[in-house]
Protein chains: 2
Amino acid sequence: MASEKSETLPVRISRVLAERIISGQLEPGARLRQDHVAAEFGASHVPVREAFQRLEAQGLAVSEPRRGVRVAAFDLREVREVAEMRAALEVLALRHAGPHLTRAILDEAEEATRAGDNSPDVRAWEEANRRFHRLIVTPCAMPRLLAAIDDLHAASARFLFSSWRSDWEARTDHDHRAILAALRAGQVDEAAAILARHVQWIGSKPVRTAAGGTRDVFAIQG
Amino acid sequence: MASEKSETLPVRISRVLAERIISGQLEPGARLRQDHVAAEFGASHVPVREAFQRLEAQGLAVSEPRRGVRVAAFDLREVREVAEMRAALEVLALRHAGPHLTRAILDEAEEATRAGDNSPDVRAWEEANRRFHRLIVTPCAMPRLLAAIDDLHAASARFLFSSWRSDWEARTDHDHRAILAALRAGQVDEAAAILARHVQWIGSKPVRTAAGGTRDVFAIQG
DNA sequence: CGGGAAGAAATTATCGATAATTCATGGCCA
DNA sequence: TGGCCATGAATTATCGATAATTTCTTCCCG
């Protein structure tokens, strides 16, 4: 019962499990057995249950009534769905954030873009990419919208990690820079248009070819 | 322990509580005490806890770590936020549903519009209105998107009931008919544009004037 | 008479255990 | 030999109880 700072137990468990699901450590369809998880965290199954519900609300797990909880499966259809929802919602958020964007925020976003370009691995790139997107939409001050966007980002990241397990090669993110340039010029509509295209380019190509074969080029943009 | 057909206990409890919150029977800020709810439903507090979490995921309740759960408060800001999210997501859904809309679906939607125009009270109107919106977006076949829209509808309905408690007067919904006309003509973009305006007109005016005084005109559109 | 602290009541969060359901294995019969 | 039913093991869902935290009340002091 070593309690951390002030994070509740269910939140802690759900966060750790979410990381495992997103990173691919827990594969789609894998069963989440409450007793096992409870034993691992040194807790009972009641907090674990709540953690499972939290994951289900995020779309990372699915719960069949008397059959237990599984890691949510995802196919290209859902990836596209998430991408389109992200495009719609992030554009909305950016439009509202536009008037409240300060020089400091844009500088920080540019820093995040640079960090992304210099990332040694996918994980670092994803973190920087998420930071960029979060920075430019947060000033909209719409909590419900931001929470929804966060959940969609989790789903996107999950897909990202599932495809690029190894062989990572960083490249400069021209879209991010174009968005920043437009925002610096006060052209929010232009920035929003670029952002929409940028986000929707997720999953524009099939995920895998034959088993073990060469993986097709696969456009992921954050 | 009279169990119904096959609906799980937490789902049942959360549904009933959601209805009460939406209808205004449970006022914003009201505490939800798990033992009381448990006693009312003849259950323990474990399923009640899960029901609370479900409500929180829907945005109908807020949970402070060791302080319990309260009915979520909502102000005009959040109403606008929900309206804009609805506009963005329903437009997205309609664009994808467009190609799959059949004559039968549009006829049913027109029937729902008529039912709304002839509604004797707000509750009936809201039900018909929700049916209309659901009908025209469901064929998009994007489960995550539809679930998000449903949650937003719940928030909208909650706001609707909170303002129009009594003195209800039905009026013909021209927007719905215009949307249907555009869809029948195959002009999905036109329909989407009308839908966006239609939804965003929620909460365009202040909610209440002085206590008990004349209530200001208050544009709610579904 | 007002503010603050200490105690008591209430409520939340977690645990261990029980009941009910599902999944798997093995045996039986056609 | 193949399919089906029954029994057993595993797992989920719920319950009752305990521990910890918060909040309300009341009393004391300035």
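Residue numbers begin at 1 in each chain, while the letters A, B, ... track the order of the sequences.
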**Study point:** For B/Arg134, side chain to side chain contact (heavy atoms under 4.5 Å, CB included) partners two or more places apart
**Key:** B/Thr138, B/Asp150

Point to revise | Partners passing side chain to side chain contact (heavy atoms under 4.5 Å, CB included) against A/Asp121 (at least two apart in sequence or in another chain) | key: A/Arg123, A/Ala124

Practice item. Could I get the full list of side chain to side chain contact (heavy atoms under 4.5 Å, CB included) partners for B/Glu50, not counting sequence neighbours? Key: A/Arg49, A/Gln53, B/Pro10

Exercise for review: Sequence neighbours left out, what passes ring pair (Phe, Tyr, Trp, His ring centres under 6.0 Å) with B/Phe52? Give chain and number order.
Suggested key: none

Could you go through nucleotides 6-8 of chain C and list every protein N or O atom that sits under 3.5 Å from one of its N or O atoms, giving the distance for each pair?
none

Check your understanding: How close or far is atom C1' of C/dT14 from atom CZ of A/Phe41, stated in whole angstroms?
Key -> 16 Å

Point to revise | salt bridge (Lys or Arg N to Asp or Glu O under 4.0 Å) partners of B/Asp107, counting only residues at least two apart | key: B/Arg184

Check your understanding: Can you tell me how far CD of B/Glu81 sits from CG of B/Asp75, rounded to the nearest 0.5 angstrom?
Key -> 9.5 Å

May I have the list of side-chain donor-acceptor pairs in residues 54-74 of chain B shorter than 3.5 Å, sequence neighbours left out?
{"from": "B/Gln58", "atom 1": "NE2", "to": "B/Asp151", "atom 2": "OD1", "distance (Å)": "3.4"}
{"from": "B/Arg70", "atom 1": "NH1", "to": "B/Gly29", "atom 2": "O", "distance (Å)": "2.7"}

Check your understanding: Listed by chain and number, what are the side chain to side chain contact (heavy atoms under 4.5 Å, CB included) partners of B/Ala87, not counting sequence neighbours?
Key -> B/Val199, B/Gln200

Enumerate all atom pairs, one protein N or O and one N or O from nucleotides 10-13 of chain C, separated by less than 3.5 Å.
{"from": "C/dA13", "atom 1": "OP1", "to": "B/Pro65", "atom 2": "O", "distance (Å)": "2.1"}
{"from": "C/dA13", "atom 1": "OP2", "to": "B/Arg49", "atom 2": "NH1", "distance (Å)": "2.5"}
{"from": "C/dA13", "atom 1": "OP2", "to": "B/Arg49", "atom 2": "NH2", "distance (Å)": "3.2"}
{"from": "C/dA13", "atom 1": "O5'", "to": "B/Arg49", "atom 2": "NH2", "distance (Å)": "3.3"}
{"from": "C/dA13", "atom 1": "O4'", "to": "B/Arg66", "atom 2": "NH1", "distance (Å)": "3.1"}

